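Reckoned from all heavy atoms, side chains included, excluding hydrogens, waters and symmetry mates. Bear in mind the structure is a predicted one, so any value in this text is a computation, not a measurement. Counting starts at 1 for both ligands and their atoms, in listed order.
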Amino acid sequence: MNLKHPKTGKSLQINEFWLRDHCRCGDCLNLDTNQRRYDLLDLPDDITSLSTKYEGNQLLVQWSDGHRSSYDLDFIFDSQLDQLIGRRSKYTSPTAWSRSIITQNERNLRFSLPQLVSSDAVVKSLVESLVRYGIIFIDEVPPNPTMTELALRRVFPLMKTFFGEMWTFSDKPDHADTAYTKLYLGSHTDNTYFCDAAGLQALHCIEHSGSGGENFFVDGLYVVEELKRRFPDAFETLCRVQVPGEYIEKGEHHRYTAPVIQLDPLTQEFVQLRLNVYDRAVFDTLPQSEMAGFYKSLRQLLQLVRQEQVQWNLKLVPGSIVLFDNWRVLHGRQAYTGSRTMSGSYVQRTDFLSKARVLGIIE
Ligand SMILES: C[N+](C)(C)CCCC[C@H](N)C(=O)O
Ligand SMILES: O=C(O)CCC(=O)C(=O)O
């Protein structure tokens, strides 16, 4: 069916089944839950429009199955792929950062717990910065798990995993993982072994009496853009090759396989960087003849990640929570001495994005 918008003059060739399937009347759509009231197979496959009529900004359709629909023409024209892609740029878009860029913007990343608790506008501003930069800090948080949880729950629900909902860790071997040691941890993203890696990760240094233990953060978006520019073959390889991540301890055996870089299939925009060289399982998803190319590509990415100019080094101090996008920002830790206790939590990706969408920050 060919439509012509009476106001904009734009024309649109529309699939009639799609149009019938997007009837917004109360018989087709539960207007309270936004769920369709019918099974797709209830609609005749050969459904056609018997008559159409423009009435102002409405399109009236009489269907061959006897149904009558009334559409807002703006709804039809706005619900198309070109509009979806165009809308992405209208919302808060990410700012890729090197160390110099992020340190120049640090004032936009810091929020205080008193401000957060007393103002919804501050909550929105925090989520905006998290979408834009992928990292924020909540200051003036009493250094204990309870207040850390209170601060985080002011913005997001928490993600429960076998590590806990809120977790506290030190070098006590509570889990079979290097995080529960004093050792160095190179830049990585967490949960490459989960089907759905945590969307956000919060870390709060509750105490540290010793040396070392500085953290560092790298913007995976910035590095992936640099990889695409400088090493396009490596970029293509890391967007395609399936890399298995694995976590094994008593009573747990998680494994998930996906590319290191995930792009939006519609817009080719960056969606996720899954990079943790430590948690890689046996790599058996490529024929040996392709291994050299893969390792070359992964090494090129890791060399970019380890550049001084992209690494933001900072010491997390008691009272300040860092909250970062675990699908984008890599984090790491210098080795340390003495007693060091960290508290934190994960937030599900879907809950992060839902909050940002409800606040009108993303599409
Ligand atoms: C954050 N917390 C200490 C609870 C868990 C750390 C998990 C570390 C794991 N190697 C990964 O990268 O996912
Ligand atoms: O101990 C830290 O500061 C970070 C540990 C870490 O990288 C992790 O838990 O994933």
Discussion item. Ignoring hydrogens and geometry beyond distance, is a side-chain donor-acceptor pair present between Thr189 and Asn326 at under 3.5 Å?
Written reply: no

Practice prompt. Please report which non-hydrogen protein atom sits nearest to atom 5 (C) of ligand 1, along with the residue it belongs to and the distance in Å to one decimal place.
Written response: Tyr346 OH, 3.5 Å

Worksheet entry | Ring geometry between Phe163 and Tyr180 (parallel below 30°, tilted from 30 to 60°, perpendicular above 60°) | parallel

Worksheet item: Using a heavy-atom cut-off of under 4.0 Å, does the side chain or the backbone of Asn215 touch ligand 2, or both, or neither?
Response: side chain

Worksheet item: Are Phe194 and ligand 1 in contact, using a heavy-atom cut-off of under 4.0 Å?
Response: no

Worksheet item: Any side-chain heavy atom of Leu152 within less than 4.5 Å of one from Val347?
Response: no

Item to complete: I would like to know whether His175 and Phe169 meet ring pair (Phe, Tyr, Trp, His ring centres under 6.0 Å); could you show each step before the answer?
Response: CA-CA 9 Å; His175 286 281; Phe169 64 98; 9.8 Å; no

Practice prompt. For Gln201 and ligand 1, answer yes if some heavy atom of the residue is under 4.0 Å from a ligand atom, otherwise no.
Written response: yes

Response to the item:
atom 8 (C) of ligand 2 has as its nearest protein heavy atom His331 NE2, 3.6 Å

Worksheet item: What atoms of ligand 1 come within less than 4.0 Å of a heavy atom belonging to Asn276?
Response: 11 (C), 12 (O)

Response to the item:
Result for ring pair (Phe, Tyr, Trp, His ring centres under 6.0 Å) between Phe324 and one of Phe137, Phe217, Phe216 points to Phe217

Worksheet item: Would you say ligand 1 has an N or O under 3.5 Å from any N or O of Tyr247?
Response: no

Practice prompt. Just let me know how His188 lines up against ligand 1, side chain, backbone, both or neither, with a heavy-atom cut-off below 4.0 Å.
Written response: side chain

Discussion item. Out of all atoms in ligand 2, which are within 4.0 Å of some heavy atom of Ala179? Include the element for each.
Written reply: 9 (O)

Worksheet item: Any idea how His188 and His331 line up, ring-wise: parallel (<30°), tilted (30 to 60°), or perpendicular (>60°)?
Response: tilted

Practice prompt. May I ask you to list the atoms of ligand 2 that are less than 4.0 angstrom from any heavy atom of Leu185?
Written response: 5 (C), 6 (C), 7 (O)

Worksheet item: With under 30° as parallel and over 60° as perpendicular, where do the rings of Tyr193 and Tyr247 fit, or are they tilted in between?
Response: tilted

Worksheet entry | Heavy atom of Tyr278, distance to ligand 1 below 4.0 Å | no

Worksheet, complete the sentence: Atoms of ligand 2 under 4.0 Å from any heavy atom of Met342, numbered from 1 in the order shown, are 3 (O)

Discussion item. Just checking Trp312 against Tyr133, ring centres under 6.0 Å apart?
Written reply: no

Item to complete: Check each atom of ligand 1 against the heavy atoms of Asn191 and keep those under 4.0 Å away; list them by number with element.
Response: 11 (C), 12 (O), 13 (O)

Worksheet item: Less than 3.5 Å between some nitrogen or oxygen of Asp177 and one of ligand 1, yes or no?
Response: yes

Fill in: Heavy-atom nearest neighbour in the protein, as seen from atom 13 (O) of ligand 1, with distance rounded to 0.1 Å
Tyr193 OH, 2.6 Å

